[in-house]
Protein chains: 2
Amino acid sequence: MNRRSIIRLSKYKNTLQRLKAMGFVKVFSDNLADALGIRSTQVRKDFSQFKITGNKRGGYIIDELLEKILRILGKTSIQRVVLVGIGNIGRALLHYKGFENEGIEIDSAFDINPDKQTGRDDISVYPMEQLVGYIQKEKIEVAVIAVPDIAAQRVFDLLLQAGIKGVLNFAPIRLRGPEQIPVTNVNLVLEIENLFCFVNAKKEE
Amino acid sequence: MNRRSIIRLSKYKNTLQRLKAMGFVKVFSDNLADALGIRSTQVRKDFSQFKITGNKRGGYIIDELLEKILRILGKTSIQRVVLVGIGNIGRALLHYKGFENEGIEIDSAFDINPDKQTGRDDISVYPMEQLVGYIQKEKIEVAVIAVPDIAAQRVFDLLLQAGIKGVLNFAPIRLRGPEQIPVTNVNLVLEIENLFCFVNAKKEE
DNA sequence: TAGATTGTTAATCGATTAACAATC
DNA sequence: TAGATTGTTAATCGATTAACAATC
């Protein structure tokens with residue numbers, strides 16, 4: 001149950017949904033491997049880990065496979081997240097179309113300045129003081145931190161206090177907290193720096 | 001020269017810049033390890049790979065170390081990127097403060113609709129037809145793809161045609177192209193799905 | 001010097017892949 | 001059946017870490 005295999009599971013899901021839309025009924029581990037650019041043994045190993053079985057000789061029935069994967073990914077019901085921080089990144093997320101197709105819903109947004117607008121009628125903005133209470137009352141499990149880096153740790157502490165279960169962090173700092181709470185960091189500067197480094201390294205070769 | 005060690009190099013750089021600002025002169029591999037939450041052997045191994053040496057017993061002089069790392073990361077001059085696609089993500093990037101501190105500059109933006117505004121006086125918008133010519137004329141090496149997923153591959157093909165050296169891709173698809181051109185994918189939906197999966201897995205334990 | 005830290009070698013660990021038996 | 005594909009075991013590969021000699 002490592003992070004990489006779960007990410008692949010998500011990719012299998014996307015591929016399967018597309019194949020299904022195209023009218024396909026069965027799929028082989030070799031097809032999925034090609035789609036993801038990996039080996040078929042990897043696909044079967046992944047399935048094996050998650051106790052997903054197919055039919056010897058017959059591959060996998062897309063509908064059955066998809067259902068199993070969706071169950072594992074917990075996508076059977078809508079997944080609600082709160083957004084903390086309505087800056088550039090936060091606003092982009094609010095208008096990002098990709099979430100709803102995948103059953104992800106930004107439930108509400110929080111900012112130190114609650115007069116900020118989300119630009120969406122269906123998402124309210126609350127002041128930071130209500131963050132902890134709201135999460136507890138609404139049983140929100142995942143939060144997105146999109147505040148400036150100096151505020152990020154304080155927000156994270158509040159989220160922990162509220163009993164959050166997972167965090168997606170856009171602030172370019174390492175959040176400190178208990179190990180069992182997964183934090184995924186998205187650091188755009190780092191990604192671009194990384195690219196330049198590769199480009200430079202290639203040039204010198 | 002693997003991706004992970006380069007990402008760590010970037011993190012060392014951030015830590016060193018902060019230490020320097022605080023007036024420190026020397027640093028030990030143990031300090032850097034603590035800051036990143038890794039082992040000191042990992043730090044020294046990284047340095048060793050990049051031919052960075054310190055002083056036995058004396059640690060590393062921050063100024064010297066920083067200079068070496070910046071040279072490796074190619075951060076001695078401003079790094080220019082072009083942005084393709086002025087949607088939610090693109091607009092967030094245009095206003096993202098984190099880039100300039102790190103010597104990254106969005107040089108110009110491209111969109112099928114060149115009437116779109118960047119909201120910044122210093123960044124012009126050009127129509128897609130000028131993308132290839134501009135990149136070649138201005139010798140741009142890195143591009144950011146922030147267009148809808150159906151357009152992403154076409155944009156990538158144009159960028160390749162223009163001779164781009166690296167791409168940061170926000171479209172949730174796998175771009176197909178030559179292996180030697182590094183493509184970094186940022187897939188926000190995948191990241192959030194991933195978190196939920198962990199959260200669900202924890203619940204079942 | 002004695003103590004502390006670097007730099008490197010060897011061991012460990014985890015993930016991927018090859019090989020192949022099981023079986024439809 | 002013969003051929004093809006699954007599921008699993010063993011081998012490989014790469015990255016991390018432990019151990020430790022070198023040395024300031």
Side-chain angles (χ1 to χ4, degrees), chain A residues 1-12 15-16 19 24-69 72 174 179 182 190 194 197-198 201, chain B residues 1-12 15-16 19 24-69 72 174 179 182 190 194 197-198 201:
Chain A
M1 231 281 301
N2 71 78
R3 205 158 184 118
R4 286 166 175 237
S5 62
I6 292 176
I7 289 175
R8 284 195 298 270
L9 219 54
S10 236
K11 291 182 180 169
Y12 297 143
T15 307
L16 289 168
L19 288 176
F24 286 97
V25 175
K26 284 198 304 190
V27 70
F28 299 118
S29 57
D30 238 14
N31 304 140
L32 289 171
D34 286 343
L36 270 74
I38 57 177
R39 303 301 164 109
S40 66
T41 42
Q42 179 80 84
V43 175
R44 296 197 297 278
K45 182 93 181 182
D46 285 339
F47 289 175
S48 168
Q49 280 193 314
F50 289 107
K51 308 245 189 309
I52 292 175
T53 56
N55 314 296
K56 301 248 181 200
R57 178 75 184 78
Y60 304 82
I61 306 294
I62 291 180
D63 272 335
E64 294 175 10
L65 184 53
L66 200 48
E67 198 198 335
K68 283 173 188 162
I69 292 179
I72 292 163
R174 194 159 77 98
E179 270 191 25
L190 217 59
N194 202 236
C197 184
F198 265 91
Chain B
M1 230 281 301
N2 71 80
R3 204 158 187 119
R4 285 166 178 240
S5 63
I6 291 175
I7 290 176
R8 283 195 297 272
L9 217 56
S10 232
K11 291 182 181 171
Y12 297 143
T15 307
L16 288 168
L19 289 176
F24 286 96
V25 175
K26 283 198 305 191
V27 70
F28 300 118
S29 57
D30 238 14
N31 304 138
L32 289 171
D34 285 344
L36 270 74
I38 57 178
R39 304 301 164 110
S40 66
T41 42
Q42 179 81 84
V43 176
R44 297 198 296 278
K45 182 92 183 186
D46 286 338
F47 289 175
S48 167
Q49 279 193 313
F50 290 107
K51 308 248 189 305
I52 293 174
T53 56
N55 314 295
K56 301 248 182 202
R57 176 80 184 78
Y60 305 81
I61 305 295
I62 290 179
D63 271 337
E64 294 175 10
L65 184 53
L66 201 46
E67 199 199 332
K68 284 173 189 163
I69 291 179
I72 292 164
R174 193 159 78 97
E179 270 190 25
L190 217 58
N194 204 236
C197 185
F198 263 92

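Fair warning: this is a prediction, and the values are worked out from it, not measured in the lab. Every chain is numbered from 1, with letters handed out A, B, ... down the list of sequences.
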From C-beta outward on [X], which listed nucleotide comes closest to its side chain: [options]?
X	options	result
B:Arg4	D:dA15, D:dT17, C:dT16	D:dA15
B:Arg57	D:dA18, C:dG3, C:dA19	C:dG3
B:Ser48	D:dG7, D:dT9, C:dT8	C:dT8
B:Lys56	D:dT5, D:dA22, D:dC20	D:dA22
A:Thr41	C:dT8, C:dT17, D:dT6	C:dT17

Query - Pairing partner of D:dA22 (Watson-Crick or G-U wobble, both distances under 3.5 Å) - result: C:dT5
Query - Base-pairing mate for D:dG14 - Watson-Crick or G-U, with both contacts under 3.5 Å - result: C:dC13
Side-chain heavy-atom pair [X], [Y] within 4.5 angstrom cut-off:
X	Y	value
A:Phe50	A:Ser5	yes
B:Val27	B:Thr15	no
A:Leu32	A:Ile38	no
A:Leu19	A:Leu65	no
A:Arg8	A:Gln42	yes

Nucleotide [N], atom [atom2] - distance to [atom1] of [X] in whole Å:
X	N	atom1	atom2	value
A:Gln49	C:dG14	CD	C1'	11 Å
A:Asp46	C:dG14	CG	P	17 Å
A:Tyr60	C:dC24	OH	C1'	14 Å
A:Phe28	D:dT6	CZ	C1'	11 Å
B:Gln42	C:dT5	CD	C1'	18 Å
B:Lys51	C:dT6	NZ	P	19 Å
B:Leu65	C:dG7	CG	P	10 Å
A:Asp30	D:dT6	CG	P	7 Å

What does [X] touch in the nucleic acid at a heavy-atom separation under 4.0 angstrom: a base, only the sugar-phosphate, or nothing?
X	result
A:Ser5	nothing
B:Arg8	sugar-phosphate
B:Phe47	nothing
A:Arg44	base
B:Ser40	nothing
B:Gly58	nothing

Query raised in the report: Between A:Asn55 and B:Gly59, which has a closest nucleotide on DNA chain C that is more 5'?
Result: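 Here B:Gly59 is the residue nearer the 5' end.
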Report summary line: DNA chain D nearest-nucleotide lookup for B:Ile38 and A:Lys45: closer to the 5′ end is A:Lys45
Query - Stacked cation flag B:Arg3 on A:Phe198, 6.0 angstrom / 45 deg - result: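 Pair B:Arg3/A:Phe198 counts as cation-pi.
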